[in-house]
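Both backbone and side-chain heavy atoms feed into the values below; hydrogens, waters and symmetry mates do not.
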Amino acid sequence: MKTCGDGKHGRQKLAEVLQEKFDPESSGFISTERFRDLLAAHGSELDPHKLEVLLALADGNADGKICYQDFVNLMSNKRSNSFRRAILQGGRQLKGTSLKEEVGLGLSQRLVRHIAYETLPREIDRKWYFDSYTCCPPPWLILAITIAEVAVFMYYGLQLDRWVLQVSHPMFVKGPLPYHPQLRAQAWRYLTYVFMHAGIEHLGLNMAMQLLVGVPLEMVHGALRIGLVYVCGALAGSLAVSVADMTAPVVGSSGGVYALVSAHLANVVMNWSGMKCQFKLFRMAMALVCMSVEFGRAVWLRFYPPAFPPCPNPSFVAHLGGVAVGLTLGVVVLQNYEQRLQEQSLFWIFFSVYTLFVLCAVFWNIFAYGLLDVKLPPTP
């Protein structure tokens, strides 16, 4: 596995030659002819995939000039819009062997290559990710959330002496974590409900989807992007329940999990021809089956006679809120690898719509319950 220091001497030397010898006037451009001569002289000091992309950049510039900043961005592992456009405008296919055909890789390298093919549709992005990934930082966010969920479940399992359908215990919703309509003024509950689960079958399905999909996505897109999708899905789930199923409590991480899974599946469908993951049709079918089983369980539980009436069982609407976030905001976040979110107009459109929904839901929670004279279940 490559580290941040690999090829540092070569990068510095090449940058110095570019700036001092080929661009003495500091115009910010050099000719593609000189650029190719420079690569021929110093290419052995570069990562092979970066060299291949630089050659594609040189071949793709019809105006005969290459921007020095594009080169700097490449060598410092920063993708810029101008660099991506330069590659795309050239219309060139990468000439080297595909990442899948490379041999002699270690176990960790094969894992990174597998994740690249599972999540990224373009060969240039897969090679870029394979070269630049350092496992620093590791995919900690999804693992931390999962560990916290298991710890909370174990705590309530021991306290209630119940491991299956914990929700049927009268003490289950009395804790500080689950969302309950009578306690909707306690704002933290709109997010902390993700750490509570109705039973081991609920936890198991959510944890499987969360780890199998969330960890690879975090390795590729980072904790910030994945955390944004997860938190937005979880918040949309509880707010959707407060609007559409006003008398029901909410537990489970399905809002966040469904946001991640639906965004990933939509990305695979939209880039079907470019996705080279093995058994992608079978894997999609299995993911949809798991989501359907978990959603069906939630619908059945919602309409099953509650164990302690008049308080109903937890709502399933949070799942739908998570899917809505995944198919809109989540797709945009995951679609463009390493393109900054603030540079995507579609991201701001969906984020503005999401923010408007949150504000409307907040006002709904403040005024609608009283105006509609909703009969809420008693405080747990």
Student: Count I, L, V, M, F, W, Y as connected when their side-chain heavy atoms are under 4.5 Å apart, and connections chain through other members. Are Tyr155 and Met207 then in the same cluster?
Tutor: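 Shared cluster, yes.
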Student: Is Val243 reachable from Leu359 through a run of I, L, V, M, F, W or Y residues, each pair having side-chain heavy atoms under 4.5 Å apart?
Tutor: no
Student: Could you state whether Tyr258 and Val331 fall into the same hydrophobic cluster, counting links through intermediate Ile, Leu, Val, Met, Phe, Trp or Tyr residues with side-chain heavy atoms under 4.5 angstrom apart?
Tutor: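 No; Val331 is not reachable from Tyr258 via cluster members.
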Student: For Gly214 and Leu260, work out which heavy atoms get closest and say how close.
Tutor: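 Heavy atoms only, the tightest pair is CA-CD1, 4.2 Å.
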Student: Would the number of heavy atoms belonging to other residues, nucleotides or ligands and lying under 6.0 Å from CH2 of Trp140 be above 12?
Tutor: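 Not buried by this count: 12 neighbours or fewer within 6.0 Å.
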Student: Taking CZ in Phe351 as the centre, count heavy atoms belonging to other residues, nucleotides or ligands within less than 6.0 Å. Is the count above 12?
Tutor: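 No - once you tally the heavy atoms of other residues, nucleotides and ligands closer than 6.0 Å, there are 12 at most.
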Student: So does Met275 get a backbone contact from the side chain of Lys280, meaning a donor-acceptor N/O pair under 3.5 Å?
Tutor: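 Looks like yes, one N/O pair under 3.5 Å.
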Student: When you measure from the side chain of Asp245 to the backbone of Phe316, do you find a donor-acceptor pair of N or O atoms at a distance under 3.5 Å?
Tutor: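 A pair under 3.5 Å: no.
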Student: Taking Phe363 as the starting point, is it possible to reach Met246 by hopping between hydrophobic residues whose side chains are less than 4.5 Å apart?
Tutor: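 Result: yes, single cluster for both.
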Student: What is the distance from atom CZ of Arg126 to atom CD of Glu118, rounded to the nearest 0.5 Å?
Tutor: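 With rounding to 0.5 Å, CZ (Arg126) is 10.5 Å from CD (Glu118).
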Student: Within the structure provided, determine whether Pro312 and Arg302 are in side-chain contact (heavy-atom separation under 4.5 Å).
Tutor: yes
Student: Quick check: do Arg110 and Leu107 have side-chain heavy atoms less than 4.5 Å from each other?
Tutor: yes
Student: Side chains of Tyr190 and Val362: does their closest heavy-atom pair fall under 4.5 Å?
Tutor: no
Student: Would you say CG of Leu224 has more than 12 non-hydrogen atoms from neighbouring residues, nucleotides or ligands within 6.0 angstrom?
Tutor: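 No, CG of Leu224 has 12 or fewer neighbouring heavy atoms, counting only those of other groups under 6.0 Å.
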Student: Please tell me if the side chains of Glu201 and Leu165 come closer than 4.5 Å, counting only heavy atoms from C-beta onward.
Tutor: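 Contact flag for Glu201/Leu165 side chains = yes.
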Student: Counting N and O atoms only, with roles assigned by atom type, does the side chain of Asn267 sit under 3.5 Å from a partner on the main chain of Ala263, one being a donor and the other an acceptor?
Tutor: no
Student: For Arg189 and Gly175, work out which heavy atoms get closest and say how close.
Tutor: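 That would be NH1-O, 3.1 Å.
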Student: Would you find a donor on one side and an acceptor on the other, under 3.5 Å apart, between the side chain of Glu218 and the backbone of Leu141?
Tutor: yes
Student: For residues Leu334 and Leu217, report the shortest heavy-atom separation together with the two atoms involved.
Tutor: CD1-CD1, 4.0 Å
Student: Taking the side chain as every heavy atom from C-beta outward, state whether Ser254 and Phe295 have any pair of such atoms under 4.5 Å apart.
Tutor: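 Of all side-chain heavy-atom pairs linking Phe295 with Ser254, none is under 4.5 Å.
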Student: So, for Gln182 and Pro378, which heavy atoms are closest and what is the spacing to 0.1 Å?
Tutor: CG-C, 4.1 Å
Student: Is it true that Ile200 and Leu158 fall in one hydrophobic cluster, defined by side-chain heavy atoms closer than 4.5 Å?
Tutor: yes
Student: How long is the span from the CG atom in Leu329 to the OG1 atom in Thr355, to the nearest 0.5 Å?
Tutor: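 So the gap between those two atoms works out to 9.0 Å.
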Student: Verify the neighbour count for atom CH2 of Trp300: are there more than 12 heavy atoms of other residues, nucleotides or ligands below 6.0 Å?
Tutor: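 Atom CH2 in Trp300 is crowded, with more than 12 foreign heavy atoms closer than 6.0 Å.
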Student: How many angstroms lie between CG in Asn365 and SG in Cys360, if you round to the nearest 0.5 Å?
Tutor: 11.5 Å
Student: Does any part of the side chain of Val269, heavy atoms only, come nearer than 4.5 Å to the side chain of Met284, both counted from C-beta?
Tutor: yes
Student: Please lay out, stage by stage, how His197 and Phe153 fare under the test ring pair (Phe, Tyr, Trp, His ring centres under 6.0 Å).
Tutor: CA-CA 7 Å; His197 286 82; Phe153 177 79; 7.4 Å; no
Student: Looking at side-chain heavy atoms only, is the closest gap between His169 and Tyr156 below 4.5 Å?
Tutor: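 No - every pair of side-chain heavy atoms lies 4.5 Å or more apart.
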Student: Is the backbone of Pro176 close enough, under 3.5 Å, to the side chain of Trp188 for a donor and an acceptor to pair up by distance?
Tutor: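 Checked: pair present.
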Student: Hey, is the main chain of Ala234 close enough, under 3.5 Å, to the side chain of Tyr193 for a donor-acceptor pair?
Tutor: yes
Student: Ignoring hydrogens and angles, state whether a donor on the side chain of Gln166 or His202 is under 3.5 Å from an acceptor on the partner side chain.
Tutor: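 Side-chain D/A pair, Gln166 to His202: absent.
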Student: Calculate, to the nearest 0.5 Å, the distance between atoms CD1 and CG belonging to Ile142 and Leu211 respectively.
Tutor: 8.0 Å
Student: Any chance the side chains of Gln210 and Glu149 put a donor and an acceptor closer than 3.5 Å?
Tutor: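 There is such a pair between these side chains.
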Student: Less than 6.0 angstrom from the centroid, inside 45 degrees of the normal: does Arg184 satisfy that with respect to the ring of Tyr369?
Tutor: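 Because its charged atom sits under 6.0 Å from the ring centre and within 45° of the axis, Arg184 does stack over Tyr369.
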Student: So Phe350 and Leu346, do their side chains get closer than 4.5 Å, heavy atoms only?
Tutor: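 Yes; the side chains approach each other to less than 4.5 Å.
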Student: Considering all heavy atoms of both residues, which atom of Pro170 and which atom of Lys174 are nearest to each other, and what is their separation?
Tutor: O-CE, 4.0 Å
Student: How long is the span from the CD1 atom in Ile145 to the CG atom in Asn206, to the nearest 0.5 Å?
Tutor: 12.0 Å
Student: Give me the atom names and distance for the closest heavy-atom approach of Pro178 to Phe172.
Tutor: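 Nearest pair, atom of Pro178 first, then Phe172: CG-O, 4.4 Å.
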